[in-house]
Asks: 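Take this structure, written in structure tokens, and hold onto it; I'll ask about it next.
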Amino acid sequence: MLRLGVIIGVIALIGTALSGLAAYRVHDQELAIDRIALARAIDVHASLVQDRLTERELLARVASGLFRAPSVIKANMLEPLRSSIYAFKTDFVVASWIARLRPDELPIAQAELRQAGFPNPTIRNYDDKPLDAATLTGPIDVLMDLEPRNADTLKLPGVALDRQPIVGPMLTRAMAEGKPVASDPTPLLRANGPIGIVLAAPVVPQGATAPAGFVTFSYEIGPMLLTNDDLSLFSVALKDPRNASDELVANDQGAVSGRTRGADAPAPSSTRTVTFGNHDWSLVYYAKSNSVRRAQQTAAIVGVIGLALTGIICGLFGYVAYNNLRLSREIQVRIGFERRLTAVIDELNHRVKNILAVIQSIVTRTLRHGSDIDVARELLIGRIHAMSNVVTLLSESQWQGVQLRGLFESRAIPHADRIAVTGPDITVSARAAQSLSLLFFELASHSDEGLSLVGKHPHITAKWDVTGEEPNAVFQFRWEEFNTSEATRRPDSDFGLILLDRVAPEALGGTSKRFFTEASYVYELTAPMETVVDITERDRTEQFSAPVHPSR
């Protein structure tokens, strides 16, 4: 029998080790494959984005090269370029001609805009306020023509953009560097328009050193940088160049919005840098699936399959020993029954000794110091009755605790019909139930020596509550006898004072206080909830149902 157990154990160890090794290898392989696939997908996407940006920058360079600065200011300067720019890419939102005009050229430009049929030919600031030419000290950049022309774009010509917070610095940089420059992300066409990037290419006339104006192309960020396939392995965000902690992301409909990354935000899987408009843009990639978790799940499946095969093999060997084990089990059951019976007897002795010790203490303290025999007999019977009641309740629950409200039954508590009991349903432990039962009897037995201050029996309230959260919850009990004073209430006995002030609080690990108000007697008990519902008394009984294994 021992030899067969050793064989089965060796097989189980070998099978478990092989299953663990296979799961470990599968985990590493799956993780490596996922990371390689994600890195390749990110590289491909970044390369495609860079190609797309390069094409659009090339369009700006070609358009600026084909453009010829006019000898006079005109409002339809893009007319010769329309067929050329549409031959490249048509995904721009707006293509525009921004002329760099001197203050004395503004009236001519305004007349050109009016003749071209634009609804608002007035030369004005980007905030639509009229521009006073007398205040100008140098050339300004005015939007003179754009493509396409529609309801959203026709109202834009005539706007001076050199002071616009985003486009203005871009034009200044493009003029200084003499090559296409991209702006920071900005709403296009209107304040709540789609977020995009404006690319400005300076137009320098032949033989001149300063640009006569700029050809610009505006692109939405979503289609150009951020849009992903639904089946892609990652999602991509664009770092806002104005704030390193902000990102621009596109939703399912392609609408772009900003978000701020907190300190607890997940780290990106990878970051790639693309160049556009003499500006470096950082693309941040986040894996859509958790490769570590998926690798763990795959490894767990492999491990479970290996363990299942090991279990089947061990089961076949175990079946061989089934007939021999049957007799051994019968012997173990008999031995276990005898041990449980011994444990039950020991527990019964323990319970009986505890109860006898409590009763002995009750009798000794009740009859101490020459107490009046009639009063002592009444108190002794009542206290033993209270103990008997709580023992009955504990026996009915197999010593697994008692409902606190059940300790106020009329068969154990004097004047129970005059006690208003309120509080949540709480199951207290056996030890707490014994102490509280004697405490409630002691309080009730001294509450009605005679009539109260108003000629009626005192009205009694007993309420409890639980405050705080586990494991620091606190049990609070309050007993109050209304229409009672020190003159009408029976003085507490020596045993009662010891029980109220020391025994009950110490048994529950708490504190107590008693006092008289103007018209009532109050007793308060506060204790940790963990001692009130402490179930360590169950430790002995729970082991009765635990399987007993014979010693070897």
Side-chain angles (χ1 to χ4, degrees), residues 1-46 228-237 263-272 284-337 339-340 343 470-471 535 538-539 541-552:
M1 193 67 187
L2 179 60
R3 183 181 302 173
L4 181 59
V6 172
I7 295 174
I8 294 176
V10 170
I11 295 175
L13 288 176
I14 295 175
T16 302
L18 292 176
S19 300
L21 179 60
Y24 175 76
R25 293 295 301 275
V26 168
H27 175 273
D28 285 353
Q29 292 175 359
E30 286 292 322
L31 196 59
I33 292 173
D34 284 350
R35 288 176 177 173
I36 292 173
L38 179 61
R40 288 181 177 176
I42 290 174
D43 289 339
V44 170
H45 180 270
N228 296 308
D229 185 359
D230 293 338
L231 301 178
S232 64
L233 302 176
F234 55 82
S235 60
V236 61
D264 56 345
S269 301
S270 182
T271 301
R272 295 290 187 272
V284 184
Y285 294 87
Y286 298 91
K288 288 185 177 180
S289 61
N290 191 329
S291 58
V292 175
R293 181 179 301 173
R294 187 165 62 180
Q296 290 175 348
Q297 292 174 349
T298 305
I301 293 173
V302 173
V304 169
I305 293 174
L307 292 177
L309 294 176
T310 302
I312 292 174
I313 295 173
C314 292
L316 293 176
F317 280 94
Y319 180 76
V320 175
Y322 173 76
N323 291 328
N324 292 333
L325 289 177
R326 184 170 54 184
L327 179 60
S328 176
R329 289 173 182 170
E330 292 178 358
I331 296 174
Q332 289 180 2
V333 169
R334 178 168 296 182
I335 294 175
F337 174 76
R339 290 186 177 181
R340 286 194 292 273
E470 295 293 343
I535 58 173
R538 298 185 188 180
D539 292 345
T541 57
E542 286 181 348
Q543 67 184 3
F544 299 163
S545 58
V548 178
H549 300 285
S551 58
R552 298 184 183 278

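Bear in mind the structure is a predicted one, so any value in this text is a computation, not a measurement. Start at 1 with the first residue, then count along the sequence.
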Asks: If I take atom CG from residue Leu18 and atom OG1 from residue Thr310, how far apart are they, to the nearest 0.5 angstrom?
Replies: 7.5 Å
Asks: Quick check: closest heavy atoms across Ser269 and Ala287, and the distance to 0.1 Å?
Replies: OG-N, 3.1 Å
Asks: Arg40 pairs by side chain to side chain contact (heavy atoms under 4.5 Å, CB included) with which of Leu38, Asp43, Ile42, Ile36?
Replies: Ile36
Asks: Write down the atom of Ser235, the atom of Lys288, and the distance for their closest heavy-atom approach.
Replies: N-CG, 3.9 Å
Asks: Looking at every non-hydrogen atom in both residues, tell me the closest pair between Val236 and Tyr285 and how far apart they are.
Replies: CG2-CE2, 3.7 Å
Asks: Ignoring hydrogens, what is the shortest heavy-atom contact between Ser19 and Gly303? Give both atom names and the distance.
Replies: CB-O, 4.0 Å
Asks: Only counting residues at least two apart or in another chain, list the ones meeting salt bridge (Lys or Arg N to Asp or Glu O under 4.0 Å) with Asp28.
Replies: none
Asks: Gln296: which residues meet the side-chain contact (heavy atoms from CB on, under 4.5 Å) condition with it, sequence neighbours left out?
Replies: His27, Val292
